[in-house]
Amino acid sequence: MFKRPRGTRDLLPKEMAARRAVESVLRETFERYGYGEVQTPTFEHLELITAKSGDEITDHLYDFVDKSNRKLTLRPELSAPTIRLYVNELRNRPKPRKLYYFENCFRYERTQKGRYREFWQAGVELVGSARPEAEAEVVALAAACLENIGLKNYGLTIGNRGIFRAVFNHYNIAEDAQNLILSQLDKKDVQFADLDMPKDAKNITVSIIKPIAMIKESLANRKNIRSRLQTILKDDFKIIESELRDFEEFLDLLEGFGATDCEIDFLIARGLDYYTGMVFEIFAKEGLGAQNQILGGGTFSLVKLMGGGDVPSCGFGFGFDRLMLALESQGALPASAAAPRVFVVPETRKMLNRAIEIVSDLRKEVSCELELMGRKLGKALSYANTEEIAYVLIVSEDSEGDEVILKDMRSGAQKTIDYREVPDEVG
RNA sequence: GCCGAGGUAGUGUAGCAUGGCAGCACAGGGGACUGUGGAUCCCCUAGCCCGGGUUCAAAUCCCGGCCCCGGCCCCA
């Protein structure tokens with residue numbers, strides 16, 4: 001017996017039907033907003049991934065050396081490959097470029113609920129604009145996806161890295177210290193005084209960064225943000241004013257797009273230094289364990305990292321598997337329509353050829369299954385029953401011409417009709 | 001990398017403490033009820049995660065590994 005590699009899953013027909021149904025809702029929604037699908041290779045040069053995420057992440061990669069000694073890796077995510085694709089193929093096209101993807105990714109990590117070594121991501125990248133209206137539309141798209149899928153119990157949290165960035169730049173805090181601070185902000189029990197960085201960085205962290213990180217307001221109360229920032233920054237308020245104005249405009253526009261129920265939380269820093277402005281995430285409030293984030297995104301400058309000039313971009317990625325888990329826990333999985341509706345059974349072996357003729361003809365219009373086990377009629381009906389097939393079509397020796405017996409398994413009623421009428425009868 | 005709980009037919013489980021013929025239910029295949037389902041009855045298929053150790057004897061005890069579930073770290 002062979003077993004699956006750790007962290008992988010076998011997906012059965014019922015589960016796949018639900019996944020495909022959700023997938024197509026996502027695709028339709030992305031396309032409604034004008035995004036076009038792209039596909040990138042399953043593996044990339046290792047350097048592409050390390051350029052984005054640093055050398056340390058090789059610990060979490062399925063990387064390998066091919067027979068010509070190229071250093072490659074299975075993709076751990078899709079935004080770097082998608083931006084690479086943009087730089088390679090699309091950078092001279094009009095902006096914005098609106099790209100979406102739906103693919104599997106691979107990470108070498110300890111498995112948990114909602115965390116697998118092969119998983120699926122669905123996401124978009126809006127390349128070329130980081131204007132407030134672009135950011136607002138991207139967030140609105142994410143919310144529209146969940147609306148269309150029918151996920152209910154989720155939270156949308158929006159933050160901003162641009163404001164932190166402006167503060168850091170104003171105080172000349174080195175990039176290493178910035179990343180360290182941001183990555184520690186959401187940890188409990190962190191004493192910033194103990195961290196290994198310059199003293200002035202610690203002071204700024206305690207007096208400014210951390211207080212900003214504590215700001216939490218609903219979208220409706222967003223006006224409070226300005227006054228709270230003024231209180232924290234005092235005379236230095238002007239250093240973030242331009243960033244704040246953009247952010248406020250983004251929030252106003254977001255409300256215009258119809259988003260009402262979200263929280264602004266500057267703690268959402270999303271450690272990565274390529275995020276430049278707005279950042280957001282969506283988490284499921286039930287059904288998932290510790291890994292409850294189902295979407296992450298924001299405004300970033302990845303194009304430059306991929307060698308393509310300073311083009312601002314905005315995007316997000318769904319953790320598709322977690323989305324499915326969240327839906328499942330809410331009993332909101334789409335109903336499966338995969339089962340055949342008609343089961344064609346020859347009453348006797350003699351009628352098999354006739355049954356084959358009929359099933360072949362019917363398959364032009366309806367999903368049909370033919371009895372392939374040589375079962376007698378009683379067993380065949382029993383099978384149809386357990387498989388929840390709605391109709392059984394009995395090809396009887398007693399029937400004349402194109403007549404067959406159509407039996408409704410739910411009611412038990414049956415009638416003799418011309419088999420060509422079956423598609424209408426079961427429709 | 002770390003912590004905890006687990007691993008017995010396809011699925012769900014009993015048995016494990018105190019070692020002694022691996023059982024039950026459902027599912028699956030066949031059959032009876034002489035060719036129309038869900039009922040009933042009979043038969044069959046099918047299992048102790050892997051490898052060592054202790055023992056006359058291991059599903060059971062010990063060690064190691066693998067896998068799985070939850071969590072920590074991490075989370076692009």
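These numbers were taken from a predicted model, which means no experiment stands behind them. Only heavy atoms go into these numbers, but all of them, side chains included; no hydrogens, no water, no symmetry mates. Throughout, a chain's letter reflects where its sequence line sits, starting with A, and its residues are numbered from 1.
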How many whole angstroms separate atom [atom1] of [X] from atom [atom2] of [N]?
X: A:Lys113; N: B:G70; atom1: NZ; atom2: P; value: 5 Å
X: A:Met351; N: B:G35; atom1: CE; atom2: P; value: 18 Å
X: A:Glu56; N: B:C73; atom1: CD; atom2: P; value: 18 Å
X: A:Gln112; N: B:C2; atom1: CD; atom2: P; value: 15 Å
X: A:Arg410; N: B:U36; atom1: CZ; atom2: C1'; value: 18 Å
X: A:Arg117; N: B:C74; atom1: CZ; atom2: P; value: 18 Å
X: A:Glu388; N: B:G37; atom1: CD; atom2: P; value: 19 Å
X: A:Trp120; N: B:A76; atom1: CH2; atom2: C1'; value: 19 Å

- Note on the structure: Taking a pair to mean Watson-Crick or G-U wobble geometry with both distances below 3.5 Å, B:C24 pairs with B:G12

- Task: For B:G1, give its Watson-Crick or G-U wobble partner with both distances under 3.5 Å, or none.
- Result: B:C72

- Message: I'd like to know if the side chain of A:Thr299 pairs up with that of A:Glu135 as donor and acceptor (distance under 3.5 Å, no hydrogens or angles considered).
- Response: yes

- Query: Can A:Glu103 and A:Gln39 be counted as having a side-chain donor-acceptor contact under 3.5 angstrom?
  - Reply: yes

[X] side chain, from C-beta outward: closest of [options]:
X: A:Arg6; options: B:G37, B:A76, B:C68; value: B:C68
X: A:Asn385; options: B:U36, B:G29, B:G38; value: B:G38
X: A:Ile57; options: B:C69, B:A32, B:A76; value: B:A76
X: A:Lys52; options: B:G37, B:A76, B:G35; value: B:A76
X: A:Lys379; options: B:A76, B:G31, B:U36; value: B:G31
X: A:Glu347; options: B:G37, B:C72, B:U36; value: B:U36
X: A:Lys407; options: B:U36, B:C75, B:A76; value: B:U36

- A:Tyr100/A:Tyr35 aromatic ring centres below 6.0 Å: no

- Message: Quick test of your reading: applying ring-ring contact (aromatic ring centres under 6.0 Å, His included), list the pairs with at least one residue in residues 347-388 of chain A, sequence neighbours left out, ordered by first then second residue.
- Response: A:Phe343-A:Tyr383

- Item | ring-ring contact (aromatic ring centres under 6.0 Å, His included) contacts in which one or both residues fall within residues 307-329 of chain A, not counting sequence neighbours | A:Phe102-A:Phe320, A:Phe316-A:Phe318

- Would you jot down, in residue-number order, the residues of residues 101-110 of chain A having a non-hydrogen atom under 4.0 Å from RNA chain B? A:Arg107, A:Glu109, A:Arg110

- RNA chain B contacts made by residues 70-80 of chain A, counting heavy atoms under 4.0 Å: A:Pro76, A:Glu77

May I have the list of side-chain donor-acceptor pairs in residues 283-292 of chain A shorter than 3.5 Å, sequence neighbours left out?
unit_1	atom_1	unit_2	atom_2	d
A:Glu286	OE2	A:Asn153	ND2	3.3
A:Gln291	OE1	A:Arg322	NH2	3.4
A:Gln291	NE2	A:Gln112	OE1	3.1

Sugar-phosphate only, base, or nothing, as touched by [X] at under 4.0 Å among non-hydrogen atoms:
X: A:Tyr274; answer: sugar-phosphate
X: A:Ala384; answer: nothing
X: A:Gly412; answer: base

- Query: So, is the end of the A:Arg117 side chain (NZ or CZ) under 6.0 Å from the ring centre of A:Tyr108 and within 45° of the ring's axis?
  - Reply: yes

- Is A:Arg107 positioned over the aromatic face of A:Tyr62, cation under 6.0 angstrom from the ring centre and no more than 45 degrees off axis? no

Got a list of side-chain donor-acceptor pairs under 3.5 Å for residues 392-401 of chain A, not counting sequence neighbours?
unit_1	atom_1	unit_2	atom_2	d
A:Ser396	OG	A:Glu347	OE1	2.7
A:Ser396	OG	A:Asp398	N	3.0
A:Glu397	OE2	A:Thr348	OG1	2.9

- Taking for A:Arg115 and for A:Gly374 the nucleotide of RNA chain B with the nearest heavy atom, the one nearer the 5' end belongs to A:Gly374

- Message: For a quick test of reading the model: is some side-chain N or O of A:Thr386 closer than 4.0 Å to OP1 or OP2 of B:C26?
- Response: no

- Would you indicate, yes or no, if B:G29 has its OP1 or OP2 atom less than 4.0 angstrom from a side-chain nitrogen or oxygen of A:Arg375? yes

